[in-house]
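Some notes on the structure that comes next.
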Number of protein chains: 2
Amino acid sequence: MTAGSPLVAALDHAGHRLTGPRRAIADLIAERGASTFTAADLVADVRSRRLGIGRATVFRAIDLLVAVGAVERVDLRTGEHAYVACVPAHHHHVICSRCARTVEIGDLGLGALARDVARRTGYRIDEHRLELHGLCPACQRAVALA
Amino acid sequence: MTAGSPLVAALDHAGHRLTGPRRAIADLIAERGASTFTAADLVADVRSRRLGIGRATVFRAIDLLVAVGAVERVDLRTGEHAYVACVPAHHHHVICSRCARTVEIGDLGLGALARDVARRTGYRIDEHRLELHGLCPACQRAVALA
DNA sequence: GGTCTTGTCGAGACTCAGTATCACTGCGCA
DNA sequence: TGCGCAGTGATACTGAGTCTCGACAAGACC
Ligand SMILES: [Zn+2]
Ligand SMILES: [Zn+2]
Ligand SMILES: [Zn+2]
Ligand SMILES: [Zn+2]
């Protein structure tokens with residue numbers, strides 16, 4: 001596990017201290033794979049495994065990983081804030097509303113679209129966010145059986 | 001003002017009671033025009049104008065207007081939840097990070113893009129959200145002078 | 001207009017996410 | 001191995017949003 005996650009590598013590379021709590025939280029996040037998770041999920045993990053990590057530290061670690069680009073925030077349809085571990089390059093997410101599994105997709109011409117919108121509205125576009133919400137193949141099957 | 005806002009009309013049309021507080025909140029929202037506002041903004045308006053409307057009622061009215069499609073939730077870059085009054089048809093928003101003014105843009109081929117993503121990932125896409133954040137022309141000038 | 005039913009309201013308690021504070025600790029470096 | 005400072009945990013706090021409940025008023029029907 002110490003060998004591990006690109007999350008830890010990202011922190012290291014950005015010149016942040018590799019503390020025990022940070023490694024532990026990075027591991028918890030890595031376990032989630034490509035699924036979204038909330039801060040509350042991690043806090044629950046920490047408690048159920050008796051890791052002895054404080055609530056505040058969980059929030060601090062998430063913020064740090066977001067700042068470093070190893071984790072991104074996504075806004076669920078419910079309004080909840082969730083996060084996903086992902087590559088630091090620009091991309092977007094397809095998110096399953098039922099099981100939280102995500103797939104990354106490329107920019108798909110949105111950069112060009114944003115420039116076009118900028119030209120037509122006069123706005124200077126600094127950032128764009130696209131999120132696609134739906135059901136992953138497995139959940140479609142599961143729902144069909146219900 | 002009573003003649004007014006399409007917001008009130010939307011409530012009426014959807015078969016909801018047109019109560020005093022709802023009209024008042026609809027008016028407050030109408031005053032914001034195409035700018036985003038938070039629930040806290042409305043609560044502050046209500047208090048500063050001594051409208052005597054309860055906090056809970058403000059939240060309830062917003063929820064109702066969202067349900068009816070007369071208002072949409074947008075997620076600011078800070079993570080705050082904000083809202084905008086807008087037409088019930090599918091569209092997206094360009095949002096100024098400085099003054100909250102927005103411009104609506106059409107789907108611009110995103111529907112097709114979503115279908116393409118669905119085909120390639122196997123996900124069933126139910127909803128997509130695109131938000132463009134930046135600076136409106138006026139704020140660009142204001143920032144340039146600073 | 002009067003009356004009735006039912007949806008809505010305001011107040012206030014409550015929950016839960018996220019932040020602030022501060023004394024202590026352990027990471028990284030010499 | 002020891003030192004300095006970033007990082008941490010406990011705890012208190014803030015602020016968004018929800019729930020409950022008795023009072024009330026919108027609209028329907030007469
Ligand atoms: Zn799924
Ligand atoms: Zn993009
Ligand atoms: Zn602006
Ligand atoms: Zn669209």
Side-chain angles (χ1 to χ4, degrees), chain A residues 2 7-29 36-68 71-83, chain B residues 2 7-29 36-68 71-83:
Chain A
T2 61
L7 295 166
V8 174
L11 284 182
D12 191 17
H13 187 263
H16 294 280
R17 285 196 186 171
L18 297 183
T19 67
R22 284 180 183 167
R23 285 172 191 274
I25 293 168
D27 285 347
L28 289 178
I29 292 177
T36 65
F37 58 90
T38 63
D41 290 335
L42 294 189
V43 171
D45 282 0
V46 160
R47 301 202 66 187
S48 71
R49 301 191 191 186
R50 309 257 139 63
L51 297 180
I53 295 175
R55 243 168 62 81
T57 301
V58 173
F59 284 97
R60 287 187 284 236
I62 292 175
D63 287 349
L64 193 59
L65 288 165
V66 169
V68 157
V71 162
E72 268 182 35
R73 197 193 78 225
V74 297
D75 296 294
L76 303 187
R77 288 197 280 184
T78 57
E80 258 183 316
H81 289 163
Y83 300 87
Chain B
T2 60
L7 294 167
V8 174
L11 284 182
D12 192 17
H13 187 264
H16 293 281
R17 285 194 186 173
L18 297 183
T19 68
R22 284 180 184 168
R23 287 173 190 275
I25 293 167
D27 284 347
L28 290 178
I29 293 176
T36 65
F37 58 89
T38 63
D41 289 335
L42 293 189
V43 171
D45 283 359
V46 160
R47 301 202 65 186
S48 71
R49 301 192 191 185
R50 309 258 140 63
L51 297 180
I53 296 175
R55 244 168 60 81
T57 301
V58 173
F59 283 96
R60 286 187 285 236
I62 293 174
D63 286 349
L64 193 60
L65 287 164
V66 169
V68 158
V71 162
E72 268 183 34
R73 197 193 77 224
V74 297
D75 297 293
L76 303 187
R77 288 196 280 185
T78 57
E80 258 183 316
H81 289 162
Y83 300 87

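Bear in mind that the values here come from a model prediction, so they are computed numbers and not experimental data. Letters A, B, ... mirror the listed sequences (proteins, then strands); counts begin at 1.
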Nearest listed nucleotide, side chain of A:R17, among C:dG18, C:dG26, C:dT8:
C:dG26
Report the distance from atom CG of B:D63 to atom C1' of D:dA16, rounded to the nearest whole Å.
12 Å
note: A:I53, atom CD1; C:dG26, atom C1'; distance rounded to Å ~ 14 Å
Can you find a donor-acceptor pair, distance only, under 3.5 Å between B:R22 side chain and C:dT8 base?
no
Separation of A:E80 atom CD from C:dC16 atom P, in whole Å?
12 Å
Whole-Å distance between D:dA26 C1' and B:R23 CZ?
10 Å
Indicate, with a heavy-atom threshold strictly under 4.0 Å, whether B:G52 touches base, sugar-phosphate, or nothing.
sugar-phosphate
Options D:dG9, C:dG10, C:dG18, nucleotide nearest the side-chain atoms of A:P21
D:dG9
Counting side-chain heavy atoms from C-beta on, which of C:dG10, C:dT19, D:dG7 comes nearest to B:R60?
C:dG10
Pull out every residue in residues 38-50 of chain A that has a heavy atom closer than 4.0 Å to any atom of DNA chain C, ordered by number, or say none.
A:A39, A:A40
Of C:dG10, D:dG17, D:dT8, the nucleotide closest to the side chain of B:T57 is C:dG10
Is the phosphate of C:dT8, meaning OP1 or OP2, less than 4.0 Å from a side-chain N or O of B:T19?
no
Rounded to whole Å, please give me the gap between CZ in A:R55 and C1' in C:dA17.
7 Å
Nearest whole angstrom, please: distance from the C1' of D:dG17 to the CG of A:L76.
17 Å
Length of the line joining B:H16:NE2 and D:dG27:C1', which is rounded to integer Å:
15 Å
What's the closest nucleotide to the side chain of B:F59 if the choices are D:dG27, D:dT18, C:dA17?
D:dT18
